[in-house]
Structures are given as C-alpha cells and as structure tokens.
Asks: 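Attaching a single structure in structure tokens format; questions to follow.
No experiment lies behind these values; they were computed from the predicted model shown.
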Amino acid sequence: MPQPAPAAAAVPATWAGRRSNAMLYLFGALGGLLFGYDTGVIAGALLFIKSEFHLSPALEGWVVSVLLLGAMLGAATSGQVSNRIGHRRLLILAGWLFAGGALVAAFAPSAGVLVLARFALGLAVGTASVQVPLYLSEMAPTRIRGRVSALNQVMIALGIFVAYLISFLLAGTGAWRLMLGIGVIPAILLVIGMTLQPETPRWLMVHGRADEASAVLARSRPPAEVERELADIRAASQREHVGLAQLLRARWLRRSLLVAAGLAIFQQIVGINTIVYYAPTILHAMGFSAQTAILATFLLAILPLVVTIFCAQICDLVGRRPLMLGGALGMAVAMIMLAVVFSTGALGTPLGKGVSIVSIAVYKISFSLGWGALVWVMLPEVLPLKARGAAMGAATLLNWLSNFVVSLTFPILLALGAGGVFGLFAVCSLLAFVFIYSQLTETAGKSLEQIELEANYLS
C-alpha cells in the first residue's frame, strides 16, 4: 500500500503555496518560449542575413532548416536520456545549450558558423519540445492538466510573438545579430528556474523514490488524491520499461504509436511553419517593404497568442476533439483562400492583398485553437508511462522531420507555383480532420493512468 503523504505536504492553501505551483508550471514551460523564439526570430533576421552573407536560395533554406535537423536529433535522443537523468536535469542542460547557441549565432562571422549555431539551437529546441510537454503533463493534476500542458504552446506562441516584436523594433537598423543574441536571456532564466523545481512524480516513482513522488504530488493534490494517484502510477509502472529500440516490436504500443505519429506529422504538413518562417517573405512578395512585412507579421503573431491562451482555458471543459476538428476545417478554408489568390494572379491587387492577410489570420487562429496547443497536450496523454519517454521522442522526431521537409522544400515549391502549394496544405488539413474524427478518443477529464487502462495498454 502507498504510504500516506506527510501532513506538512498537504496541498498549499496559502497564496505563497499557490504561487509556488504557478512558478513550477511557468519555469517548466519556459523551454517552450525558447522553442518559439529561436524558431520565430529567423523570420525577421533572414531578410538581413541574406544580404550580409549573400545567401543563395539553397543556403537560405539551410539557415532556416538546419535548426530542424538539430531538433530531430534532440527529440530522438532526449527520451532515452530523460529516462536516466530525469526531465528536470535534461531541461537544465537544454537551457545551457540554448544560451551557447544564441551567443555563437549572434557573433557568427560566416554563414557556415551560423548554420552550426542554428544546429546547436535545434538540439535544444528538440529536447525542449519533448521534455516540456512531458514535464507539465506529469506534474499537473488531472482537473487542470489540459490547461497546464497547453501552457507549453502559450509560451511557444509568446516566444514567436516576442521574436517578431524584437525583429520589428530592430528592423530599422538591420541588427540581426542582436535579434538572435537576445535569446540568451530566457535561456539563463530556464537554467535558474529549473534548478529550483522538483522532478516529476512519475519519474521518481519509476526510479523507486516513492516518498519523494508523494511529496511532489502533495504540493497540488489533497491527501486522498495523492494516495490514489500513487497507487495508479505504481500499477502503470509494473510493465517492463520500453526503450527506443523496442518501440516497434511492442505490439501493445502500436495503437498509441499510430495516434501519436498521426498527431505529430499532421501538425506540420498542414503548413504552419511555412507561415511562421516565411510570413515576412510572403508579405514582401506582395509588395510590402521589409519593415512593413515584419510589422504585419508581428501584428498577426498577436492572434495565436490570444487564441492559444483562450484554448488553454477551455480545453478541459470543451474537450480536445471538438477543438481539433474545428481547427482543421478552419485551416483548410484559409489555405483554399490563399490558393485561389495566388493561382488567379490577384496577389498584386488591393483585394488580393486583403484576402491574403485575412487568410493568414484565419489560418493562425484555426491552428492555435486546436492543433497548435493541443497536440503537445495529447501526445503525453496517449502514450503509456513505461514507453512515454522513448515514444514521445519518436513522435517528436517525426514532427521535426515533417517540419524539416516542409520548410526546406517550401521556397522551391513557392517558386514553382504558390497556389498549388497552398492547395496541397488545404488537402492535408482536410486529411487531418478525417484522422481526428476516426482515430482520436477524448482524453479530457481523465488521469494519465485512466487513459492508459482504458486503451488496454496494461495486460
């Protein structure tokens, strides 16, 4: 039987106790801000990097996309590493890598050095993309898990927003090095913040540290709930641990891996990062000046931030499925509108420009309402405890691989015919709708262990 939680570890009822939990979730999600900043800041900086380093279209694609290669490697390995050292320590290491990569990028003397720095930042981004959702999901009480887990995407959206804001403020001077170097500030905050936070109770329990797990749970749960959750975690941890090499051979994992892989791949092939990375370039092609294009991109970045915060507040009440389905339909409509504008040659007209900007806005709202915030909420939910680290790493690897392919090929495809490219993204959005409708069951309001049992992961 699980040991009762110490009396002193009861749920904090004071303002100081609530603040302590809020800071835990905030620092846990800070890796998401760095994720957003380092992926978003290149959009504004690229306009000035191209002229200083005289980038060819191919090298331009590598400056943007090499981060994604690093992210793939970071995502693929972080699950295995976190199984050994814990989510908390790995996030601290990622913070140091974020800081070092930002400094090297800021002082890069050549495009080659910048590419290497972006690869290092990618390692940190990939690690954060796996570990932040895992950390938040495993720390949060069931009743607010969606809200807490969605904080990751809120911070990603905030990071992109801050990146666009700084890019706009510095666009007049063309100070792209400062744009990239500012990322060192939140990186140091991540290191300091996570040093002060505990490890997740599920990692502690799997490693035989039940008393510490109980104390961590008691920070945000009443004593009776602590005992129930400890018992559920203990039951879920009985299965033999699954590593990366065993994933595909574990027959009991195939259903969850299919759902996780679908979520990860569709989030990227609907085209979101073509908007994140290339929005200023698209707007510049419409005839806007570089500074005006960055300003418009910055203003459009407000939308996903607001919508993601709204989604975080309602996803535990409304559920994951309705938001994902509605978001997929909204993205399809927006991409169809963009495809029509680009295919008919109306891009240079006032009406065409207006429709294009509205389409980008609708797309960002739709993505943020479902696929932006909730994929990172649901990935830890649909994966069982003893395979969560490795399987999350594999799913996130697929996410970054899809991101890399789309981002690397988009400039080439855009030159061949933008209308067809946006039409393809519309088709992918409709396929994403079909996937959610046919494959995803609702996970809101259920504990991680309850989801696992209902999916028959345990024999």
Asks: Could you go through Leu90 and His87, starting from their C-alpha distance and side-chain angles, then the distance that decides it, and tell me whether this counts as side chain to side chain contact (heavy atoms under 4.5 Å, CB included)?
Replies: CA-CA 5 Å; Leu90 191 51; His87 309 300; 5.9 Å; no
Asks: Within a radius of less than 6.0 Å around CZ of Arg321, do more than 12 heavy atoms belonging to other residues, nucleotides or ligands occur?
Replies: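 Correct, the count exceeds 12.
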Asks: Kindly say whether Pro198 contributes a backbone atom to a donor-acceptor pair with the side chain of Arg88 at under 3.5 angstrom?
Replies: no
Asks: Taking side chain as C-beta onward, heavy atoms only, is Phe422 less than 4.5 Å from Ile336?
Replies: no
Asks: Kindly determine whether Val125 and Leu34 satisfy side chain to side chain contact (heavy atoms under 4.5 Å, CB included), including the steps that lead there.
Replies: CA-CA 7 Å; Val125 167; Leu34 284 154; over 6 Å; no
Asks: How far apart are the closest heavy atoms of Ser78 and Val130, and which atoms are they?
Replies: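 Nearest pair, atom of Ser78 first, then Val130: OG-CB, 3.3 Å.
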Asks: Can you tell if the side chain of Thr441 reaches within under 4.5 Å of the side chain of Val382, non-hydrogen atoms only?
Replies: no
Asks: Which heavy atom in Gly36 sits nearest to a heavy atom in Ile160, and how many Å separate them?
Replies: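 What the structure gives for the nearest pair is O-CG1, 3.3 Å.
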Asks: To the nearest 0.5 Å, tell me how far Ile42 CD1 sits from Trp176 CH2.
Replies: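 It is 8.5 Å, given to the nearest 0.5 Å.
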Asks: Are side-chain heavy atoms of Pro133 and Leu379 found at a separation under 4.5 Å?
Replies: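 The answer is no, as the side chains (C-beta and beyond) never meet within the 4.5 Å cut-off.
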Asks: Between Glu138 and Thr200, do the side chains contain an N or O donor and an N or O acceptor separated by less than 3.5 Å?
Replies: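 Yes, side-chain donor-acceptor contact under 3.5 Å.
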Asks: Does some side-chain heavy atom of Asn399 sit less than 4.5 Å from a side-chain heavy atom of Gln267?
Replies: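 The answer is yes, as the side chains (C-beta and beyond) meet within the 4.5 Å cut-off.
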Asks: Between the side chain of Gln153 and the main-chain N/O of Thr308, is any donor-acceptor distance below 3.5 Å?
Replies: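 Such a contact is absent between Gln153 side chain and Thr308 backbone.
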Asks: Can you tell me how far apart CE (Met331) and CD1 (Ile272) are? Round to the nearest 0.5 Å.
Replies: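 Rounded to the nearest 0.5 Å, the CE-CD1 separation comes out at 8.0 Å.
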Asks: Mind checking whether Leu33 and Ile156 have side chains closer than 4.5 Å, heavy atoms only?
Replies: no
Asks: Can a salt bridge be assigned to the pair Glu381 and Arg320 using a cut-off of 4.0 Å between side-chain N and carboxylate O?
Replies: yes
Asks: Let me confirm one number: the CD-CE distance from Glu442 to Met378, rounded to the nearest 0.5 Å.
Replies: 8.5 Å
Asks: I'd like to know whether Leu374 forms a side chain to side chain contact (heavy atoms under 4.5 Å, CB included) with Cys315, so could you lay out the CA-CA distance, the side-chain angles of the two residues, the decisive distance to 0.1 Å, and finally the verdict.
Replies: CA-CA 8 Å; Leu374 296 182; Cys315 66; 3.7 Å; yes
Asks: Please report the closest heavy-atom contact between Val307 and Leu369, naming both atoms and the distance.
Replies: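 Closest approach of Val307 to Leu369, heavy atoms only: CG1-N, 3.6 Å.
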Asks: Could you pull out the closest heavy-atom pair between Leu69 and Phe119, with the gap in Å?
Replies: C-CE1, 3.9 Å
Asks: I'd like to know if the side chain of Tyr164 reaches the main chain of Ile302, judged simply by a donor and an acceptor atom lying under 3.5 Å from each other, with no hydrogens or angles considered.
Replies: no
Asks: Heavy atoms only: give me the nearest Cys311-Ala373 pair and the separation to one decimal.
Replies: SG-CB, 3.9 Å
Asks: Supply the atom-to-atom distance Leu93 CG to Leu123 CG, rounded to the nearest 0.5 angstrom.
Replies: 12.0 Å
Asks: Just checking Phe53: does its CZ atom have more than 12 heavy atoms from other residues, nucleotides or ligands closer to it than 6.0 angstrom?
Replies: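 Count over threshold, so yes.
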Asks: Give a yes or no on whether the backbone of Gly393 and the side-chain of Thr396 come within a donor-acceptor separation of less than 3.5 Å.
Replies: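 Looks like no, no N/O pair under 3.5 Å.
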Asks: Would you please test Ile166 and Val41 for side chain to side chain contact (heavy atoms under 4.5 Å, CB included) and show each step?
Replies: CA-CA 8 Å; Ile166 289 174; Val41 72; 5.8 Å; no
Asks: Would you please say whether a donor-acceptor pair under 3.5 Å links the side chains of Trp376 and Ser149?
Replies: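 On atom types as modelled, these side chains do not qualify, holding no pair under 3.5 Å.
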Asks: Return the CG to CG distance between Leu430 and Leu329, rounded to the nearest 0.5 Å.
Replies: 7.0 Å
Asks: Counting N and O atoms only, with roles assigned by atom type, does the side chain of Asp316 sit under 3.5 Å from a partner on the main chain of Gly146, one being a donor and the other an acceptor?
Replies: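 Yes, Asp316 side chain to Gly146 backbone: donor-acceptor pair under 3.5 Å.
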Asks: So do Tyr135 and Gln197 actually touch side chain to side chain, heavy atoms under 4.5 Å?
Replies: yes
Asks: Rounded at 0.5 Å granularity, tell me how far CD in Gln268 sits from SG in Cys428.
Replies: 11.5 Å
Asks: Please state whether the rings of Trp371 and Phe266 are parallel, tilted or perpendicular, taking 30° and 60° as the class boundaries.
Replies: perpendicular
Asks: Scan residues 422-440 for pairs that pass side chain to side chain donor-acceptor pair (under 3.5 Å), counting only residues two or more places apart or in two chains.
Replies: Arg255-Gln439
Asks: Spell out, as yes or no, whether a donor-acceptor pair under 3.5 Å connects the side chain of Ser51 to the backbone of Phe48.
Replies: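 It does hold such a pair.
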Asks: Ignoring hydrogens and geometry, is there a side-chain-to-backbone donor-acceptor pair from Arg145 to Met139 under 3.5 Å?
Replies: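 No: the side chain of Arg145 does not pair with the backbone of Met139.
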Asks: Indicate the atoms forming the closest heavy-atom contact of Ala108 with Arg177, along with that distance.
Replies: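 Residues Ala108 and Arg177, closest heavy atoms: O-NH1, 2.6 Å.
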Asks: Between His207 and Asn83 (side chain of the first, backbone of the second, donor and acceptor by atom type, cut-off under 3.5 Å), is there such a pair?
Replies: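 Yes, His207 side chain to Asn83 backbone: donor-acceptor pair under 3.5 Å.
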Asks: Are the side chains of Val362 and Ser366 in contact, using a 4.5 Å heavy-atom criterion?
Replies: yes
Asks: Is there a side-chain contact between Val333 and Met337, using heavy atoms and a 4.5 Å cut-off?
Replies: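 Heavy-atom side-chain distance check passes, below 4.5 Å.
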